[in-house]
Amino acid sequence: MASSTDVLDGGWGWAIVCASFMAQLLAYGSPQSVGVLYPEWLNAFQEGKGMTAWVGSLVSGVGLIASPICSACVDNFGARPVTIFSGVMVSGGLMLSAFAPNVQFLIFSYGIVVGLGCGLVYAATLTITCQYFDKRRGLALGIVTTGTSVGAFIYASAQNELIVMYGLDGCLLIIGAIALNLMACAGFMRPLNMPGYYLKQKAALERNTEEQLFEKPPLDDLTITAGSTSTPPDKSLMVKEMLITIDTKDSAVQTEKKKGSFLAGLAIIKVIKKKQQAYSKYMHSMYEIMQDQSMMSFCISIFLFSLGAFPPVLFIEDVAMSQGLMEEVSVIPLVSIGAIASCAGKLLLGMLVDIKWINGIFLYAFTMFAGGLTLFLIPLTKSYLGLQILSFILGFFSGNWSLTSYITTKIVGLDKLTQAHGILMFFGGFGIMLGPPVVGWFFDWTQSYDLAFYFSGGCVELGAVILLLLNLPCWKRKSAKSSESDRPDVQYTSNCDKVASVA
């Protein structure tokens, strides 16, 4: 296996970037454009909008909430096997959804199975990209993560056409078959570092080899050939000595086994104590992270932003249909407009936050203010062109997801990035899961989306106010430890484990 320092920032790394880009495109294309499928499911199953919205919310939220588990799978088994397995999950979930008899089955097949598969793809692609890039890691990750937005842009139009030509079931079957190409993408993901599972297997094999060296020799080696009628005295004596030696060794081995069982019990107790100490240390560090005022305000704002800003991705097409603003299927759906705008927002906001005099937290708060105002304007819009413009604006400011890792590192430092980002993604995933059902229940209650979008805009604006106020210099609390030693600026390192586990 080649040294990681010889292949960083180039060479096969660009093949990894292309494969990871395509993997995210294939995995997230349908879930990110689920708003196109949502009206079809409403007509097919005749369920309430709140119940049907669980499908779209789970497929996006489950992967975020389960991100620690997905990262652990990549660390233990490697990016290639995980991507192959995720291809089976995404493809199988999409094809299974074509035969769904009700919404409850669809929640499992599309929401949970496809959602977990997408989470595995996201963790695997970011991990393998971080391993192959150091100085150009930001550029490489930027290219890879835009695969989700490009996939949403392409799949929204493609799913519309497939539904017209083959129906909803045929569309899901074809999209599921295309998702099998995730296995082909996995073939390019050649690992630089041996995954943890294979290291454990190698250590186990080495231990077995050492034990075989001390095994008792087979009796066939000690028997005398049947053709010989007489045995020399020295040979028979030598055989008896060997048998006596073997018996002595057997008794010694039995004694050692009794001692070994006692020592094994002590070793197990030590391992359990070490695990308990590591767990308590981990929980203590999590508690310290949550005690940080800036981090807590960021988690609350992420939850409120996800709760309010994600539902338009799912409901915007149904809003246009329910208000009679579109008479036929649009060539470029509103979901596609929002997806391509989100791609542009990720790149531009990522460039802005690198400017020294721009504060990342205040920039994020500004995007939340602008996104909340856009949500307030959606119920007031009475034309399809107006919805297209608002979809573009909301999609652009939703690209602020690209700022989360940068802001988290600024708040807690690089050493605690993994744990802090996991907490942040849990809050974001929880908001994404709750947002669409809440908006659907508002519609079922009032038979209008107006109050639902006012509620969504209010949540986003409240999150922006909380984030801004709690991070103003006059409001921000400073502990004694933080006042004695200021946190140093972020230094990018070639250590992939801490950065890659952000996936």
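- In this structure a side-chain-to-backbone donor-acceptor pair under 3.5 Å is present from T127 to A123.
- Around the CE atom of M183, the shell of radius 6.0 Å holds more than 12 heavy atoms that belong to other residues, nucleotides or ligands.
- Note: S57 OG to L307 CG = 11.0 Å, rounded to the nearest 0.5 Å.
- For Q293 (side chain) and L470 (main-chain N/O), a donor-acceptor pair under 3.5 Å exists by modelled atom type.
- Side chain of T446 to backbone of S448: a donor-acceptor contact under 3.5 angstrom is found.
- Around CG of L348, the count of heavy atoms belonging to other residues, nucleotides or ligands within 6.0 Å exceeds 12.
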| message | Set out, in order, the CA-CA distance, both residues' side-chain angles and the distance that settles side chain to side chain contact (heavy atoms under 4.5 Å, CB included) for M89 and L94, then state yes or no. | response | CA-CA 8 Å; M89 289 190 67; L94 289 171; over 6 Å; no
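- Among Y38, F453, Y449, the one residue that satisfies the ring pair (Phe, Tyr, Trp, His ring centres under 6.0 Å) test with F443 is Y449.
- Although no hydrogens or angles enter the test, the distance criterion places a donor-acceptor pair under 3.5 Å between the side chain of S336 and the main chain of F153.
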| field | side chain to side chain contact (heavy atoms under 4.5 Å, CB included) assessment of V17 paired with Y132 | value | CA-CA 9 Å; V17 169; Y132 270 86; over 6 Å; no
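- In this structure, M51 and W441 approach most closely via the heavy-atom pair N-NE1, 4.3 Å.
- More than 12 heavy atoms of other residues, nucleotides or ligands sit less than 6.0 Å from atom CZ of F442.
- A side-chain contact (heavy atoms from CB on, under 4.5 Å) with V335 holds for exactly one of I316, I340, V34; it is I316.
- By the neighbour-count criterion of 12 heavy atoms within 6.0 Å, atom OH of Y166 is sparsely surrounded, having that number or fewer from other residues, nucleotides or ligands.
- Here the CZ-SG distance, from F430 to C299, works out to 13.5 Å after rounding to the nearest 0.5 Å.
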Got a list of side-chain donor-acceptor pairs under 3.5 Å for residues 98-118, not counting sequence neighbours?
from : atom 1 : to   : atom 2 : distance (Å)
N102 : OD1    : Q104 : N      : 3.3
N102 : OD1    : F105 : N      : 2.8
S109 : OG     : S97  : OG     : 3.0
S109 : OG     : F105 : O      : 3.2
Y110 : OH     : S30  : O      : 3.3
Y110 : OH     : S30  : OG     : 2.7

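- Separating the CG atom in L162 from the CG atom in L168 is a distance of 11.0 Å, to the nearest 0.5 Å.
- Under the 4.5 Å side-chain criterion, counting only non-hydrogen atoms from C-beta, L37 is in contact with Q159.
- Taking every heavy atom of both residues into account, A186 and I84 meet most closely at CB-CG1, 3.5 Å.
- Taking the side chain as every heavy atom from C-beta outward, P436 and F310 approach each other to under 4.5 Å.
- At least one donor-acceptor pair closer than 3.5 Å links the side chain of E461 to the backbone N or O of L373.
- Counting all heavy atoms, side chain and backbone alike, T83 lies closest to A124 at OG1-CB, 3.5 Å.
- Between V465 and F369, some side-chain heavy-atom pair lies under the 4.5 Å cut-off.
- Contact between M433 and I65 at its shortest, heavy atoms only, is SD-CD1, 3.1 Å.
- Checked by atom type and distance alone, the side chain of T52 never pairs as donor or acceptor with a backbone atom of K49 at under 3.5 Å.
- Judged by distance alone, the side chain of S306 and the main-chain N or O of F303 form no donor-acceptor pair under 3.5 Å.
- At distances below 3.5 Å, not a single donor-acceptor pair connects side-chain atoms of N160 with backbone N or O atoms of S157.
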| request: Take S149 and Q32, measure what side chain to side chain donor-acceptor pair (under 3.5 Å) needs, and give me the verdict at the end. | output: CA-CA 8 Å; S149 300; Q32 289 292 319; over 6 Å; no
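- With sequence neighbours excluded, the residues satisfying side chain to side chain donor-acceptor pair (under 3.5 Å) with S297 are N471.
- Under a 3.5 Å cut-off, the side chain of R80 and the backbone N or O of F188 do not form any donor-acceptor pair.
- Using a 4.5 Å cut-off on side-chain heavy atoms (C-beta onward), L451 and W445 make contact.
- Expressed to the nearest 0.5 Å, how far CE of M368 lies from CG of L462 amounts to 8.5 Å.
- When all heavy atoms are compared, the tightest approach of C459 to L304 is O-CB, 3.4 Å.
- At a threshold of 4.5 Å between non-hydrogen side-chain atoms, the residues T145 and Y122 count as touching.
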| request: Please test R190 against I128 for side chain to side chain contact (heavy atoms under 4.5 Å, CB included), starting from the C-alpha separation and ending with a verdict. | output: CA-CA 8 Å; R190 184 175 61 199; I128 193 69; over 6 Å; no
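- Here the side chains of V144 and Q24 are in contact, with some heavy-atom distance below 4.5 Å.
- Looking at heavy atoms from C-beta onward, I411 lies in side-chain contact with I361 at the 4.5 angstrom threshold.
- Environment of CZ in F366: sparse, with no more than 12 heavy atoms of neighbouring residues, nucleotides or ligands closer than 6.0 Å.
- Heavy-atom neighbours of F376 CZ from other residues, nucleotides or ligands within 6.0 Å: above the threshold of 12.
- Note that the CZ atom of F396 and the SG atom of C343 stand 11.0 Å from one another [nearest 0.5 Å].
- Heavy-atom minimum distance, G29 versus Y155: O-CB, 3.3 Å.
- Partners of S301 according to the side chain to side chain donor-acceptor pair (under 3.5 Å) rule, which considers only residues two or more places apart in sequence or in another chain, do not exist here.
- Considering only heavy atoms from C-beta on, L120 comes within 4.5 Å of C73 through its side chain.
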| request: Starting from the C-alpha separation in whole Å, work towards a yes-or-no answer on side chain to side chain contact (heavy atoms under 4.5 Å, CB included) for F21 and T146. | output: CA-CA 7 Å; F21 174 87; T146 53; 3.8 Å; yes
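- Note that CE of M189 and SG of C185 are 6.5 Å apart. Values are rounded to the nearest 0.5 Å.
- Between Y364 and F298, the distance from one ring center to the other falls under 6.0 angstrom.
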